[in-house]
Student: 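Okay, handing you the structure first.
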Amino acid sequence: MKTERRVSYETDDDIKIHDLNDLYSGMQQKPQSGQADRRPESGRRRAGDTGRRYRTEKKKTGRDRTPESRITMKNRRRKRRRTVFSVCLFLLALTALAGCFVLAMENRQLHDEVQVAMAYVDEVNSITTYTEEEVRKMTADAAAKAAEQSSLEKEKEILDDIRTRMESGDGTAPMLRAIYKDELVVADDGRYYFFPIVDTLKRHSYQADHFQMNEEDILEYWEDGNVVSKKGIDVSRYQEDINWKKVAADGVEYAFIRLGIRGASEGKLVIDAKYEDNIEGALKNDVEVGVYFFTQALTKEEAVEEAEFVLEHMEGYDVTYPVVLDVEEVTTKDPRTEDMTKQERTDVCIAFCERIKAAGYTPMIYGNLKTFLLMVDMEQLEEYEKWFAFYQTPLYFPYEFSIWQYTSAGSVDGIKGDVDMNVSLKDWNHE
């Protein structure tokens with residue numbers, strides 16, 4: 001076997017010169033007879049191919065290309081390939097550098113997030129946790145403590161209010177009424193009764209701050225800048241002789257005249273000693289009148305008897321204000337009505353009012369807190385007008401009424417001494 005000789009070249013120029021010499025020698029050497037068959041088959045194809053490429057290039061370009069020009073073009077192509085390769089390497093390196101920068105930024109952000117998360121974990125781990133049972137107990141303890149504190153503050157407020165009222169001379173009842181605002185407090189025989197304010201009874205619509213005392217100590221009720229109430233009095237024989245002309249000139253618009261009473265011990269019907277003088281004097285001076293009767297009836301029959309007595313003595317007088325049944329408690333010893341029940345008193349009121357209404361007059365019941373809360377059943381007396389006696393302000397009665405007797409120590413020109421003063425919230429001539 002023939003050993004192929006290997007030649008090493010130091011530079012690209014050596015390679016170029018070698019290739020040029022080989023090509024030139026191949027073109028100049030003519031094949032000898034008998035040698036063509038010994039050439040390798042590949043060598044023949046290479047020479048033929050070279051010729052064909054040469055002819056083709058000459059035909060395309062229109063000029064003959066020498067071997068040297070072909071070598072130069074090959075070098076250029078090789079150089080371009082190297083340039084493109086270098087650019088690609090540069091772009092690849094730049095891309096890799098940009099990727100590294102992005103990764104570095106993401107790594108930095110991730111590091112910061114990890115730091116924040118670790119700080120939160122540390123904070124959570126530092127917080128004391130409780131079981132559900134512990135939370136319930138803590139809540140209950142806090143509520144109890146708050147309630148105790150609130151109770152102590154409320155207790156102190158109440159005690160301070162009590163001290164202030166005692167130092168100012170207020171009685172026990174006003175003090176209790178200020179404390180128990182959702183109840184009505186009634187004092188009787190050294191005891192105090194508490195009545196819840198109920199919704200089953202009709203309420204009045206008066207505004208407490210609309211009741212105002214004028215410069216003459218006369219109570220008035222104001223609406224829309226005008227006085228809508230009427231000034232009145234009630235009188236009996238205890239006022240003795242009255243100058244009704246002066247009474248009228250003093251602005252009194254109406255008067256309730258006591259017509260009579262039933263005796264507290266024997267139960268006799270008695271006409272008031274000043275009834276006729278008072279009713280005639282009032283009407284003569286254009287003071288409108290109503291009448292009232294102090295009852296001590298034990299039964300419905302006696303109540304009707306009292307109503308008939310009143311109607312008989314009203315005859316001939318122009319009574320435009322209500323006809324009133326006075327249901328006050330009797331202060332004399334052993335009154336005949338002492339053992340009456342609440343229902344019996346209520347029945348007496350109904351019997352009297354129904355007879356007065358049947359005669360064409362407006363029936364009314366007079367009383368104070370004890371009357372309306374302890375002595376009668378107000379729910380059964382809802383349909384009748386009420387005349388409420390209470391000598392303090394502000395008003396202390398939530399239920400419906402038409403006339404308020406606000407003092408027993410009033411002063412009116414034409415009357416000697418004290419007189420009961422009333423404010424009417426209705427104009428009875430237009431009812």
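Keep in mind the model is a prediction, meaning the values are calculated, not measured. This chain uses plain numbering: 1 for the first residue, then up along the sequence.
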Student: Is it true that a side-chain atom of Asp347 and a backbone atom of Lys300 form a donor plus acceptor pair closer than 3.5 Å?
Tutor: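 Answer holds: no.
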Student: Decide if atom CD of Glu240 counts as having more than 12 heavy atoms of other residues, nucleotides or ligands within a radius under 6.0 Å.
Tutor: no
Student: Heavy atoms, side chains only, cut-off 4.5 Å: are Glu382 and Glu400 in contact?
Tutor: no
Student: Considering all heavy atoms of both residues, which atom of Ile257 and which atom of Asn278 are nearest to each other, and what is their separation?
Tutor: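 Scanning both residues completely, I find the closest heavy atoms to be CG2-CB, 3.7 Å.
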Student: List, one per line, each side-chain donor-acceptor pair under 3.5 Å for residues 316-328, sequence neighbours excluded.
Tutor:
{"unit_1": "Tyr317", "atom_1": "OH", "unit_2": "Glu280", "atom_2": "OE2", "d": "3.0"}
{"unit_1": "Thr320", "atom_1": "OG1", "unit_2": "Glu288", "atom_2": "OE1", "d": "3.1"}
{"unit_1": "Asp326", "atom_1": "OD1", "unit_2": "Glu328", "atom_2": "N", "d": "3.1"}

Student: Side chain to side chain donor-acceptor pair (under 3.5 Å) for Glu329 and Thr371? Distances and angles first, verdict last.
Tutor: CA-CA 7 Å; Glu329 180 187 27; Thr371 302; over 6 Å; no
Student: Could you check Val185, Leu369, Leu373 and say which one makes a side-chain contact (heavy atoms from CB on, under 4.5 Å) with Phe195?
Tutor: Leu373
Student: Do any pairs count as a salt bridge (charged side-chain N to carboxylate O under 4.0 Å, His left out) and have a residue in residues 335-346, sequence neighbours left out, and if so which ones?
Tutor: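 Only Glu302-Arg336 qualify under salt bridge (charged side-chain N to carboxylate O under 4.0 Å, His left out).
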Student: Apply side chain to side chain donor-acceptor pair (under 3.5 Å) to Thr295 and list each qualifying residue two or more places apart in sequence or on a separate chain.
Tutor: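 By the side chain to side chain donor-acceptor pair (under 3.5 Å) rule, Thr295 matches Glu306.
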Student: Look up atom NZ in Lys386 and atom OG in Ser402, then write down how far apart they are to the nearest 0.5 Å.
Tutor: 8.5 Å
Student: Could you report the tightest heavy-atom contact between Ala187 and Ala173, atom names first, then the distance?
Tutor: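 Result for this residue pair: CB-CB, 4.5 Å.
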Student: Are Val247 and Asp413 side-chain neighbours, meaning at least one heavy-atom pair lies under 4.5 Å?
Tutor: no
Student: Are Tyr206 and His210 an aromatic pair by the rule of ring centers under 6.0 Å?
Tutor: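 Not close enough - the centres of the two rings lie 6.0 Å or further apart.
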Student: Does Tyr384 reach the side chain of Ile350, with side-chain heavy atoms less than 4.5 Å apart?
Tutor: yes
Student: Looking at Leu184 and Tyr396, what are the two nearest heavy atoms and their distance?
Tutor: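 Closest approach of Leu184 to Tyr396, heavy atoms only: CA-OH, 3.2 Å.
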Student: Between the side chain of Asn243 and the main-chain N/O of Lys245, is any donor-acceptor distance below 3.5 Å?
Tutor: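 Side chain of Asn243 to backbone of Lys245, a donor-acceptor pair under 3.5 Å: yes, one is there.
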Student: Does Trp404 have its ring centroid less than 6.0 Å away from the ring centroid of Phe211?
Tutor: yes
Student: List in chain and number order the residues that pass ring pair (Phe, Tyr, Trp, His ring centres under 6.0 Å) with Phe397, two or more places apart in sequence or in another chain; answer none if no residue qualifies.
Tutor: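 Expected list: Phe372, Phe388, Tyr399.
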Student: Flag the pair Ile365 / Cys353 as yes when at least one side-chain heavy-atom distance between them is below 4.5 Å, and no otherwise.
Tutor: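 They are in side-chain contact.
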Student: Going by the rule side chain to side chain donor-acceptor pair (under 3.5 Å), which residues pair with Tyr391 if we only count those two or more places apart in sequence or in a different chain?
Tutor: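 Scan of Tyr391 (side chain to side chain donor-acceptor pair (under 3.5 Å), adjacent residues dropped) gives Gln405.
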Student: Are the side chains of Gln296 and Pro335 in contact, using a 4.5 Å heavy-atom criterion?
Tutor: yes
Student: As a quick check of understanding, evaluate side chain to side chain donor-acceptor pair (under 3.5 Å) for Tyr193 and Glu183, giving each step before the final call.
Tutor: CA-CA 10 Å; Tyr193 299 85; Glu183 297 177 279; over 6 Å; no
Student: Quick one: does Lys274's side chain get under 4.5 Å of Val235's, heavy atoms only?
Tutor: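 Contact flag for Lys274/Val235 side chains = no.
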Student: Check Ala282 against Val289 and note the closest heavy-atom contact, atom names and distance.
Tutor: CB-CG1, 3.6 Å
Student: Quick one: pull up CD1 in Ile218 and NZ in Lys231 and give me the separation to the nearest 0.5 Å.
Tutor: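 The distance works out to 4.0 Å.
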Student: Do Tyr366 and Glu385 have side-chain N/O donor and acceptor atoms under 3.5 Å apart?
Tutor: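 Their side chains do not contain a donor-acceptor pair, so the 3.5 Å distance test is not met.
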Student: Tell me, please, which residues at least two apart from Tyr180 pass ring pair (Phe, Tyr, Trp, His ring centres under 6.0 Å).
Tutor: Phe194
Student: Would you give the length of the straight line joining atom CD1 of Ile261 to atom CZ of Arg237, rounded to the nearest 0.5 angstrom?
Tutor: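 Interatomic distance, Ile261 CD1 to Arg237 CZ, rounded to 0.5 Å: 7.5 Å.
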Student: Return the minimal non-hydrogen interatomic distance between Leu219 and Tyr406, and the atom names on each side.
Tutor: N-OH, 3.1 Å
Student: Is it the case that the side chain of Gln239 and the backbone of Ser236 share a donor-acceptor pair, with hydrogens and angles ignored and the cut-off at 3.5 Å?
Tutor: yes
Student: What pair of heavy atoms forms the shortest contact from Arg258 to Tyr238, and how long is it?
Tutor: NH2-CE1, 4.0 Å
Student: List the residues meeting side chain to side chain donor-acceptor pair (under 3.5 Å) with Glu383, not counting sequence neighbours, and say none if there are none.
Tutor: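 Counting only residues at least two positions away or on another chain, Glu383 forms a side chain to side chain donor-acceptor pair (under 3.5 Å) with Lys357.
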Student: With a 4.5 Å cut-off on side-chain heavy atoms, are Val270 and Arg262 touching?
Tutor: no
Student: Applying ring pair (Phe, Tyr, Trp, His ring centres under 6.0 Å), name anything that partners Tyr192, two or more places apart in sequence or on another chain.
Tutor: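 Result, ring pair (Phe, Tyr, Trp, His ring centres under 6.0 Å) vs Tyr192: none returned.
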Student: First locate atom CD of Glu276, then atom CG of Asp272, and finally report the distance between them rounded to the nearest 0.5 Å.
Tutor: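 That separation rounds to 10.5 Å.
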Student: Under the salt bridge (charged side-chain N to carboxylate O under 4.0 Å, His left out) definition, can you give me all pairs with a residue in residues 199-223, not counting sequence neighbours?
Tutor: Asp199-Arg203
Student: Where the side chain of Asn285 meets the backbone of Gly281, is there a donor-acceptor pair that is under 3.5 Å apart?
Tutor: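 Looks like yes, one N/O pair under 3.5 Å.
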Student: With sequence neighbours excluded, tell me which residues meet ring pair (Phe, Tyr, Trp, His ring centres under 6.0 Å) with Trp244.
Tutor: none
Student: Taking atom CD1 of Ile279 and atom NZ of Lys284, what is their separation to the nearest 0.5 Å?
Tutor: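 Interatomic distance, Ile279 CD1 to Lys284 NZ, rounded to 0.5 Å: 15.0 Å.
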Student: Hey, what do you get for OH (Tyr221) to NZ (Lys230), rounding to the nearest 0.5 Å?
Tutor: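 Output value for this atom pair is 16.0 Å.
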Student: Can you name the residues that form a side chain to side chain donor-acceptor pair (under 3.5 Å) with Glu308, not counting sequence neighbours?
Tutor: Arg355
Student: Under 3.5 Å, which donor-acceptor pairs link side chains of residues 414-425 to any protein atom two or more places apart or in another chain?
Tutor:
{"unit_1": "Asn422", "atom_1": "OD1", "unit_2": "Trp387", "atom_2": "NE1", "d": "2.9"}
{"unit_1": "Asn422", "atom_1": "ND2", "unit_2": "Asp234", "atom_2": "OD1", "d": "2.9"}
{"unit_1": "Ser424", "atom_1": "OG", "unit_2": "Lys426", "atom_2": "N", "d": "3.4"}
{"unit_1": "Ser424", "atom_1": "OG", "unit_2": "Lys426", "atom_2": "O", "d": "3.0"}
{"unit_1": "Ser424", "atom_1": "OG", "unit_2": "Trp428", "atom_2": "NE1", "d": "3.2"}

